[in-house]
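Down below is the structure, laid out as structure tokens.
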Amino acid sequence: MKKIIVTGGTGYIGSHTVIELLNNDYEVHIIDNLSNSDISMLDRIEKITQKRPSFTQLDLRDKTEVISFFNGISNIEGIIHFAALKSVGESVKMPVKYYENNVMGLCSLLEAIELNDIPNLVFSSSATVYGSPKNLPVTEKSPIGYTPSPYGATKQMCERIIEDFTYSKSNFKAMSLRYFNPIGAHDNGLIGELPTGIPNNLMPYITQTGAGVRNQLSVFGSDYNTPDGTAIRDYIHVSDVASAHVHAIDFLTNYGESKHFKVNIGTGTGLSVLEVIKSFEKTSGIKLNYILTDRREGDVEAVYANVTYAQNLLNWKAKYGIDQMTKSAWLWEKAMRNIN
Ligand code: NAD
Ligand code: UDP
């Protein structure tokens, strides 16, 4: 059984990926500091897969602890590195916290990789590395643009650090997966996204408004140069994002040379905010209370992925459509709130 270390494995995308890995007979060890997740996730994962991943509570910024953790484990096939802070808005207010957590966390991990000759790394990157792209759909050859948030800058920096690290090694392969907009939840309603406080992202704001936790959704901007005036994104089901990681680690373990791959993970379809709301209303049967308001500062008009590279390189393609995404997100919201 191949042994994979998953950092941030009790978080939103990490937990869905751990399920995919366990279902594909990988041995999984999670490390997480539980700053944005809960230990009860292990029970949920076990309930879904009938397997329990091992777990160590560890902060990646603590390099000494990280190195001693890796010293105690042998034959690691690869690391999937999710652990990071992810709020764009918070990162603008607390830039140092973001650089310290996201960049230093990666550096600790790379040091452990170096010391233990771990051959494969999959890194959670983001479409934010493209900034405000000039041409759509965005391909991996699109330029890395100016990104206004420190969060986006950490993703650009981490990719650069991985690039340099890979170049310095003769037996190390890495893949940065640039996710577009992951939404939705596992289709049994047992795991999903757990935003703390008021959600910044569209999907949890929609489901919380549907559940009555929020009074009204503000649609940020209705004067964009798009068919219905609202902004366009490439929403992708979190289970599809999870399965991309299994394809990525499979690919890397079979690849021969040192290389850092960068791959878009999206559906290739752009949807407007109003189209997402329409899908939610259809799958939940709820009329959503929303208003059209001003644009949100820093938002771009439209971003969606060209996914040809992912298809060709990884033999992976997103399976789920928007209705399955909104349906599963609503199922999860209802389960959390005990709504029938
Ligand atoms: P999440 O917050 O649900 O999960 C991240 C996990 O990492 C949490 O469990 C948290 O406790 C842990 N963590 C954070 N800092 C840590 C540290 N220093 N040491 C140990 N553990 C730490 O976030 P997510 O949505 O699952 O995102 C996973 C990754 O994907 C992140 O790197 C994020 O930047 C990236 N990403 C997310 C999205 C998205 O929309 N969710 C989009 C693009 C990229
Ligand atoms: N959005 C919105 N209302 C909200 C949250 C988001 O209209 O309460 C819009 C946002 O302006 C963007 C889209 O929904 O056009 C996706 O935003 P999200 O924050 O989910 O992801 P982003 O693409 O910004 O990373």
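Both ligands and their constituent atoms are indexed starting at 1 by order of listing. Along the sequence shown, the residues carry numbers beginning at 1. Quick caveat, the model's predicted, so the values are computed rather than measured.
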With heavy atoms and a 4.0 Å threshold, my read on which part of A127 contacts ligand 1 is neither
Atom 43 (C) of ligand 1 sits nearest the protein heavy atom Y179 CD1, 3.5 Å
Within the structure, does R233 bring an N/O atom to less than 3.5 angstrom of an N/O atom in ligand 2?
yes
How far is atom 17 (O) of ligand 2 from its nearest protein heavy atom, and which residue and atom is that?
R296 NH2, 3.5 Å
Quick one: does D234's side chain have a donor or acceptor within less than 3.5 Å of a partner on F180's backbone?
no
Which class fits the ring pair F251 and F261: parallel under 30°, tilted 30 to 60°, perpendicular over 60°?
perpendicular
To the nearest 0.1 Å, how far is atom 13 (N) of ligand 1 from its closest protein heavy atom, and which atom is that?
N33 OD1, 3.4 Å
Report the nearest protein non-hydrogen atom to atom 26 (O) of ligand 1: residue, atom name, distance rounded to 0.1 Å.
I13 N, 2.8 Å
Among protein heavy atoms, which lies nearest atom 40 (O) of ligand 1, and at what distance?
P182 CD, 3.4 Å
If we number the atoms of ligand 1 from 1 as shown, the ones under 4.0 Å from a heavy atom of S124 are 29 (C), 30 (O), 32 (O), 35 (C)
Under 4.0 Å to a heavy atom of V219 - the qualifying atoms of ligand 2, by number:
7 (O)
Do the side chains of I45 and P53 get nearer than 4.5 Å, heavy atoms only?
yes
Examine ligand 1 and decide if any of its atoms is less than 4.0 Å from a heavy atom belonging to S125.
yes
Nearest protein heavy-atom contact for atom 3 (O) of ligand 1: which residue, which atom, what distance?
Y12 N, 2.8 Å
Within the distance-only criterion (no hydrogens, no angle test), does the side chain of Y98 pair as donor or acceptor with the backbone N or O of S87 below 3.5 angstrom?
yes
Out of I183, L202, I206, indicate the one that has the non-hydrogen atom closest to atom 20 (O) of ligand 2.
L202
What's the shortest distance from atom 25 (O) of ligand 1 to any protein heavy atom, and which residue and atom give it?
K86 NZ, 2.8 Å
Say whether T283 and T326, considering side chains only, have a donor N or O and an acceptor N or O under 3.5 Å apart.
yes
Salt bridge flag under 4.0 Å for residues K2 and E77
no
Which heavy atom of the protein is the closest neighbour of atom 2 (O) of ligand 1, given with residue, atom name and distance?
N36 ND2, 2.7 Å
Provide, to 0.1 Å, the distance between atom 11 (O) of ligand 2 and the closest protein heavy atom, together with that atom's residue and name.
D299 OD2, 2.5 Å
Heavy atom under 4.0 Å from ligand 1: found in K155's side chain, backbone, both, or neither?
side chain
Contact check, Y235 vs ligand 2, heavy-atom distance below 4.0 Å:
yes
When you measure from atom 9 (C) of ligand 2 to every protein heavy atom, which one gives the shortest distance, and what is it?
V273 CG2, 3.8 Å
Among non-hydrogen protein atoms, atom 15 (O) of ligand 2 lies closest to A231 CB, 3.2 Å
Using a plain distance cutoff, I'd like to know if F220 has any nitrogen or oxygen under 3.5 Å from a nitrogen or oxygen of ligand 2.
yes
Could you check whether any heavy atom of R178 sits closer than 4.0 Å to an atom of ligand 1, since that is the contact criterion I want to use?
no
How close does the nearest protein non-hydrogen atom get to atom 11 (O) of ligand 1, and which residue and atom is it?
D32 OD1, 2.6 Å
Does only the side chain of L34 get under 4.0 Å from ligand 1, or the backbone, or both, or neither? Count heavy atoms.
backbone
Note: ligand 1 atoms sitting under 4.0 Å from heavy atoms of G8 are 6 (C), 7 (O)
Could an N or O of ligand 1 be found under 3.5 Å from any N or O of F82, whether backbone or side chain?
yes
Nearest-neighbour protein heavy atom for atom 18 (P) of ligand 2, which is reported as residue plus atom name and distance:
N201 ND2, 3.5 Å
Can you pull out the closest protein heavy atom to atom 21 (O) of ligand 2? Residue, atom name and distance to 0.1 Å, please.
N181 ND2, 3.1 Å
Could you tell me the residue and atom name of the protein heavy atom closest to atom 5 (C) of ligand 2, and the distance to it rounded to 0.1 Å?
N200 O, 3.4 Å
Short list, please: which atoms of ligand 1 are under 4.0 Å from a heavy atom of L58?
19 (N), 20 (C)
Are any of the N/O atoms on L217, whether in the backbone or the side chain, positioned under 3.5 angstrom from an N/O atom of ligand 2?
no
I'd like to know whether ligand 1 has S35 as a neighbour, heavy-atom separation below 4.0 Å.
yes
Side chains of T154 and Y99, heavy atoms from C-beta outward: is any pair under 4.5 Å?
yes
Taking non-hydrogen atoms only, is N101 closer than 4.0 angstrom to ligand 1 via side chain, backbone, both or neither?
side chain
Once you measure the plane-to-plane angle for F165 and F172, does it fall in the parallel (<30°), tilted (30-60°) or perpendicular (>60°) bin?
perpendicular
Is the closest basic N to carboxylate O distance between D240 and K317 below 4.0 Å?
no
Salt-bridge test for E114 and K169: reply yes if a basic N is under 4.0 Å from a carboxylate O, no otherwise.
yes
Look only at the side chain of R296 and the backbone of F220, and say whether a donor-acceptor pair between them is shorter than 3.5 Å.
no
Please list the nearest protein heavy atom to atom 3 (N) of ligand 2 with its residue and the distance rounded to 0.1 Å.
S218 O, 2.7 Å
Sidechain N-carboxylate O distance under 4.0 Å for R178, E159:
yes
Heavy-atom pairs closer than 4.0 Å: do any link ligand 1 to the side chain of L194, the backbone, both, or neither?
neither
Among Y151, Y235, F180, the residue with a heavy atom nearest to atom 36 (N) of ligand 1 is Y151
